[in-house]
Amino acid sequence: MREISFAKALDEAVAEEMRRDAKVITMGTDFTGDPIKEFGPDRVRFTPISESVMTGMGLGAAASGYRPIINWRSVTFCFVAMDQIINQASKVRYMFGGQADFPVTYRCGTGSGMGMAAQHSQSPHSLWMHIAGLKIILPSTPADAKGLLKSAIRDNNPVVSFECSRLNPITGPVPDGDHLVPLGVAEVKRAGTDVTVVALGYYVREALAVAEAFALEGISIEVVDPRTLVPLDVDTIHASVRKTGRLVVVDEAPPMCSAAAEIAALIAEDPASFRALKGPVQRVCAAAVPVPYSPPLEQASLPRRGDIVAAIRRVLAAG
Amino acid sequence: MREISFAKALDEAVAEEMRRDAKVITMGTDFTGDPIKEFGPDRVRFTPISESVMTGMGLGAAASGYRPIINWRSVTFCFVAMDQIINQASKVRYMFGGQADFPVTYRCGTGSGMGMAAQHSQSPHSLWMHIAGLKIILPSTPADAKGLLKSAIRDNNPVVSFECSRLNPITGPVPDGDHLVPLGVAEVKRAGTDVTVVALGYYVREALAVAEAFALEGISIEVVDPRTLVPLDVDTIHASVRKTGRLVVVDEAPPMCSAAAEIAALIAEDPASFRALKGPVQRVCAAAVPVPYSPPLEQASLPRRGDIVAAIRRVLAAG
Amino acid sequence: MTLEAPKLLTMLRDMIMIREFEELAMKLRAAGKIYGVVHPCSGQEAVAVGVCACLTNSDRITSTHRGHGHCIAKGADIRRMMAELFGRVDGYCKGKGGSMHIADFAIGMLGANGVVGAGLPMAAGAALAAQLDGKGDVAVCFFGDGAVTEGEFHEALNISAVWKLPIVFVCENNLYASNNAIAVQHHITAVAPHAAGYGMPGVAVDGNDVLAVHQAASTAVARARAGQGPSLIECNTYRWYFHSMHDKPPPETRPADEVALWKSRDPIPRLSNDLMARGLLSPAALQQMRAQVERELQAAVTFADNSPFPGVADLLTDMYAPDAART
Amino acid sequence: MTLEAPKLLTMLRDMIMIREFEELAMKLRAAGKIYGVVHPCSGQEAVAVGVCACLTNSDRITSTHRGHGHCIAKGADIRRMMAELFGRVDGYCKGKGGSMHIADFAIGMLGANGVVGAGLPMAAGAALAAQLDGKGDVAVCFFGDGAVTEGEFHEALNISAVWKLPIVFVCENNLYASNNAIAVQHHITAVAPHAAGYGMPGVAVDGNDVLAVHQAASTAVARARAGQGPSLIECNTYRWYFHSMHDKPPPETRPADEVALWKSRDPIPRLSNDLMARGLLSPAALQQMRAQVERELQAAVTFADNSPFPGVADLLTDMYAPDAART
Ligand SMILES: Cc1ncc(C[n+]2csc(CCOP(=O)(O)OP(=O)(O)O)c2C)c(N)n1
Ligand SMILES: Cc1ncc(C[n+]2csc(CCOP(=O)(O)OP(=O)(O)O)c2C)c(N)n1
Ligand SMILES: [Mg+2]
Ligand SMILES: [Mg+2]
């Protein structure tokens with residue numbers, strides 16, 4: 001299979017969908033690759049720095065027969081557009097009684113670890129999860145990035161694509177052809193029997209590395225990658241925890257009201273999963289601070305492999 | 001003790017703090033009461049409909065020696081100002097290395113149940129909890145409303161005050177004099193031994209009513225009101241659950257990545273609380289939909305007393 | 001521009017319908033048949049009607065919290081509007097939206113909006129679609145003087161100017177935003193001058209003169225259809241009543257003489273008197289028109305009353321488009 | 001307006017310091033001593049210096065992602081700036097902020113900002129504080145041509161006009177926003193005309209002529225100090241280098257002749273030649289000034305290098321103001 005980078009996989013997804021359907025258009029202040037060369041300035045639109053209008057235009061154009069891909073670039077910049085996301089995008093279909101579909105995809109780069117400081121190092125996917133009405137993807141590999149983004153573009157609902165910037169240069173195998181990954185289906189990235197680690201985005205890699213190390217000790221870690229955050233594949237997570245009886249959740253965001261909190265709560269409230277638990281669940285999250293600039297502090301603010309290892313040891317010790 | 005309404009308690013808090021400290025000013029598109037009469041147009045500012053600039057001005061004025069109270073009115077309207085909240089207010093102190101304090105209070109009305117439809121019926125406090133750097137209050141009684149808002153105005157950090165609109169007309173006793181409720185201290189609104197119900201905002205009343213009914217059956221419900229969401233008084237919640245072994249969390253927001261998820265996760269990850277649990281925790285939340293307009297649907301979208309009762313029966317049945 | 005008699009009579013009828021719809025809506029809100037909040041547009045009918053008279057069903061509009069008039073002028077079915085206000089399944093949004101979220105996508109009415117300024121970006125998106133379609137369709141967005149102080153107004157004007165979008169920005173300047181007089185919001189209380197910064201035409205018209213509004217809108221719409229880009233029209237008008245009501249109308253806070261002055265500029269007799277002077281309308285025909293409007297409104301109430309409330313089983317429907325992928 | 005010689009020499013020195021600071025910062029970023037992203041302002045020095053020469057420490061400014069020049073012109077300590085870029089504890093933000101978040105509240109520099117347009121509201125808040133204080137202080141906010149397309153720009157201008165705030169809006173129009181030439185952003189590429197919609201003075205000046213900038217800023221600042229409200233100044237200028245760099249400078253994408261033209265308009269020799277012509281500066285004095293700047297920069301690097309990285313124990317400090325309540 002071809003090995004391509006995460007960034008290239010995302011570019012391919014957009015290009016293939018634009019080729020496939022003339023109604024797909026894209027807007028942003030800048031683009032990776034050179035899509036304007038192939039698709040022309042009508043369908044590839046350089047915008048002013050006006051994320052709010054861009055975001056709302058995605059809805060208006062979607063309701064009028066197009067399938068816009070709105071590229072906010074950094075997730076930082078979409079906060080100026082939150083009205084269009086929270087008050088409009090997430091609500092328009094339902095509050096208008098399903099009269100119209102809004103097939104719009106919002107893309108953004110997320111994450112920390114690159115010395116970009118507080119504003120440009122955010123991982124706020126959990127905020128969007130709380131808002132009912134948006135679908136959300138968060139891929140961890142080039143193949144998932146391509147397959148999920150293609151599915152998002154074809155979906156008839158607003159979908160937000162969170163694309164971890166640290167993954168951009170990372171390469172991996174991507175199937176040829178029209179590679180689609182369905183929304184709402186988690187993947188067990190590594191099967192195991194002793195501990196379930198649900199990891200998100202960049203931390204799927206980290207969890208896999210940790211699992212590899214534990215295997216040498218004869219401890220079998222199952223790594224579950226939800227891939228889609230809404231709709232969340234709750235069944236796969238429950239099945240894994242019911243098997244292992246131990247849960248660690250790893251995410252790059254602060255813990256409070258996060259995806260990690262949600263996954264812990266799902267397990268804690270489900271009778272069968274709860275009964276299966278051998279001990280408390282553990283969250284391994286970022287520190288509850290704006291991400292600091294200085295490298296030693298930035299590293300300390302992020303979940304580290306050692307934190308994942310320690311959490312796994314804690315759940316193993318508990319029962 | 002005087003009985004006054006929730007709305008009047010909030011107005012008194014602002015007026016008392018404005019009397020106490022000439023640096024306290026307030027801005028918004030409208031005000032309850034008639035503060036301009038007492039404090040004049042310099043300190044009580046009617047603004048254009050420009051929540052984003054209003055929100056940022058709060059920070060700028062706070063860094064320049066004032067203590068602004070920014071009234072967004074409905075929480076709906078602050079989403080146009082999210083950049084100033086997420087990228088600025090929550091980060092400015094930390095990312096500038098603690099050089100300056102930003103004593104600004106943001107107020108907003110929240111909640112549903114009044115036929116105001118999707119955009120004007122939101123309870124998004126959980127979003128803000130996820131963002132590290134903001135303090136958050138969510139009072140449930142007139143006394144707490146007054147005492148917490150006064151503490152918020154005196155606090156040297158950005159504080160967001162979520163004020164449930166359905167509570168506005170509700171009256172209750174409020175102590176005379178300079179009544180302060182410290183931030184970060186939960187209150188056990190009713191002591192009990194069999195089940196802990198952590199309820200937020202409007203649902204504290206509902207939980208108390210349900211607890212009253214259960215008492216007739218000889219079942220003793222403890223109702224915990226966090227009052228402040230950040231910093232969250234984790235100790236009081238743990239202590240209650242360790243005593244009762246059963247937890248129900250009631251909130252007006254959708255469940256995913258919510259305050260209810262956070263509280264469930266806190267219990268699920270703490271060894272002592274987890275060990276104390278006799279069965280799964282239960283969340284009683286709003287349906288994951290934009291709040292519908294039509295009264296029967298709106299009611300169905302909200303947590304109802306029957307839902308709280310059923311959840312309590314489930315945790316009682318589990319062990 | 002000379003309008004044909006049937007068109008003029010339709011415009012008159014639409015204005016009367018809007019006025020009577022609003023009078024009725026206020027009563028029905030007070031009677032508890034309608035829930036939540038109602039923002040009547042009585043007095044401002046000429047703007048919606050003058051503008052929408054230039055549009056077809058393939059042109060798209062976005063509206064505001066004060067949106068009933070825009071709906072009616074765009075050709076919405078008042079029975080389904082009334083059913084929506086009553087929260088019933090036969091309403092435009094199956095009862096999920098209510099007054100602030102009425103929409104009829106089939107006729108290009110993309111929705112009222114409870115957030116000041118929020119409709120402008122969506123209209124710009126509809127204009128982008130029209131531009132790409134290349135069939136000469138246009139988008140129109142209605143907004144109040146208050147929306148001009150929200151950043152989205154400027155972002156929408158700017159991108160429309162840069163991209164030469166086929167869009168008309170229609171400001172209903174009614175001198176107030178909620179209880180705040182316009183000077184609370186604006187140093188220069190005229191809105192049209194903002195157009196200059198974006199290099200687009202900006203004109204102010206008497207918003208209580210439906211023919212003047214229609215004239216200005218026709219010019220702007222023609223310009224947009226011809227690919228010459230956006231325009232801004234400021235319609236100076238006034239709302240007859242309060243900003244909004246829940247179960248009872250709030251007290252009037254504006255100067256009594258100001259209210260009286262503007263009521264004397266009622267756009268409806270202004271058109272009907274004109275039509276009578278030109279021999280296009282008789283008192284009897286006007287009487288008949290009013291009676292017909294009355295009958296239609298009564299029928300709408302009956303329709304709405306007979307429509308059931310949505311069932312709890314419908315709480316989760318309409319959340320997501322069912323077909324996940326197109327082929 | 002005639003400026004005294006010492007003031008003129010200080011302005012020249014500040015421009016040289018900014019230029020050399022940026023040249024050094026680019027090298028140190030490439031060398032890995034600085035992390036993340038650096039946005040050099042070389043070529044635009046006259047704007048920061050011309051404006052800040054009108055200000056005192058009790059006047060407040062807000063800045064942008066391209067903020068080193070504003071810091072230096074406002075009087076920040078380059079040693080603490082450099083330590084901040086190095087991520088060290090003696091930096092202005094104790095290493096927590098870096099290039100995009102340098103601030104020195106003690107001298108009224110309320111911070112660089114990584115979000116386009118986000119500094120304008122904060123500056124308006126500082127202006128409100130100055131108005132309430134009534135001591136004649138002012139606020140200034142710097143922003144790029146790109147920020148004009150963000151709604152916050154318009155909201156800030158509007159409220160400042162309505163409230164007559166003592167504020168000066170200074171647009172650094174360098175013809176580009178990232179890699180997009182100005183016509184991608186604006187139909188009318190001039191920024192000053194937007195002032196008219198708010199009824200405030202709006203002027204455009206040669207942003208590479210520090211005396212012209214100073215003249216325009218002096219007028220605007222005097223106006224603000226006198227309680228006459230806000231002004232908008234558009235400074236036409238150009239950045240010599242790329243938008244931003246990580247570990248290596250990206251390739252130039254702008255037309256070579258455009259870059260060459262603007263380099264020929266270098267604001268530094270423009271002032272130094274003028275001063276020499278007026279007999280206020282000798283070549284030797286200029287030489288000495290440059291040598292002094294060089295020494296200070298070397299000292300700043302040494303200072304930064306000797307400052308320790310923050311310890312992990314400091315991860316949670318500075319989150320909340322410690323004293324919960326004032327008495
Ligand atoms: C972003 C936002 N802020 C505040 C409000 C509350 N609000 C609703 S209508 C209104 C006044 C709007 O005035 P204008 O735009 O002039 O329209 P009008 O009501 O006069 O028709 C306000 C402040 C809102 N809906 N949205
Ligand atoms: C809200 C927002 N959108 C996008 C960006 C990404 N961005 C950073 S700088 C920049 C260009 C800014 O141009 P301008 O305001 O002209 O300033 P200049 O870089 O030319 O000094 C962009 C698009 C951002 N920082 N903030
Ligand atoms: Mg108005
Ligand atoms: Mg620029």
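First the proteins, then the strands, lettered A, B, ... as listed; each starts at 1.
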When heavy-atom pairs shorter than 4.5 Å are enumerated against chain D, which of A:P295, A:A118, A:A300 gives the highest number?
A:P295
So what's closer than 4.5 Å to chain D heavy atoms on A:S52: side chain, backbone, both or neither?
neither
Check whether any side-chain heavy atom of A:K91 lies under 4.5 Å from a side-chain heavy atom of A:I86, and answer yes or no.
yes
Short side-chain to backbone donor-acceptor contact, A:E252 and A:G111, under 3.5 Å:
no
Aromatic ring pairing A:W72/A:W128, orientation class (parallel under 30°, perpendicular over 60°, tilted between)
tilted
Is there a donor-acceptor contact under 3.5 Å linking the side chains of D:E258 and D:Y238?
yes
Below 4.5 Å, heavy atoms only, C-beta onward: do A:L302 and A:S112 meet side chain to side chain?
yes
Filtered by a 4.5 Å non-hydrogen cutoff, the part of residues 98-106 of chain D contacting chain A is D:G98, D:M100, D:H101
Contacting moiety of A:V289, where chain D heavy atoms sit under 4.5 Å:
both
Using non-hydrogen atoms and a limit below 4.5 Å, what part of residues 21-33 of chain D faces chain A?
none
Do A:V80 and D:E150 come close enough that some side-chain heavy atom pair is under 4.5 Å?
yes
Heavy atoms only, distances under 4.5 angstrom: which of D:K94, D:E84, D:Q185, D:R88 has the most pairs with chain A? Name it, please.
D:Q185
Honestly, the part of D:H186 sitting under 4.5 Å from a heavy atom of chain A is neither
Let me know if A:M114 has heavy atoms under 4.5 Å from chain D in its side chain, its backbone, both or neither.
backbone
Relative to each other, are the rings of D:Y198 and D:H154 parallel, tilted or perpendicular (30° and 60° limits)?
tilted
Minimum side-chain heavy-atom gap A:T110-A:Q122 below 4.5 Å
no
Step through it carefully: locate the ring centre of D:H39, locate the ring centre of D:H68, and say whether they are under 6.0 Å apart.
no
Are side-chain heavy atoms of D:N173 and D:T237 found at a separation under 4.5 Å?
no
Restricting to pairs with a member in residues 290-312 of chain A, which pass salt bridge (charged side-chain N to carboxylate O under 4.0 Å, His left out), not counting sequence neighbours?
A:E206-A:R305, A:R304-A:D307
Select, from A:G115, A:P48, A:P292, A:P290, the one with the greatest count of heavy-atom pairs under 4.5 Å involving chain D.
A:P48
Which answer fits A:T47, side chain, backbone, both or neither, if we ask what part of it has an atom under 4.5 Å from a heavy atom of chain D?
backbone
In a table with atom names and distances, give each donor-acceptor pair under 3.5 Å that connects a side chain of residues 111-118 of chain D to protein atoms at least two apart or in another chain.
unit_1: D:N113; atom_1: OD1; unit_2: A:Q119; atom_2: NE2; d: 3.0
unit_1: D:N113; atom_1: OD1; unit_2: B:Q88; atom_2: NE2; d: 3.2
unit_1: D:N113; atom_1: OD1; unit_2: D:V115; atom_2: N; d: 3.2
unit_1: D:N113; atom_1: ND2; unit_2: B:Q88; atom_2: OE1; d: 2.9

For A:F46, is it the side chain, the backbone, both or neither that has a heavy atom under 4.5 Å from a heavy atom of chain D?
both
Is there a side-chain contact between A:F31 and A:T26 in this structure, where contact means two heavy atoms from C-beta onward sitting under 4.5 Å apart?
yes
Check the angle between the aromatic planes of D:H70 and D:F142 and answer parallel, tilted or perpendicular using the 30° and 60° thresholds.
parallel
Pick from D:L85, D:D318, D:D314 with the largest number of heavy-atom pairs that fall under 4.5 Å of chain A:
D:L85
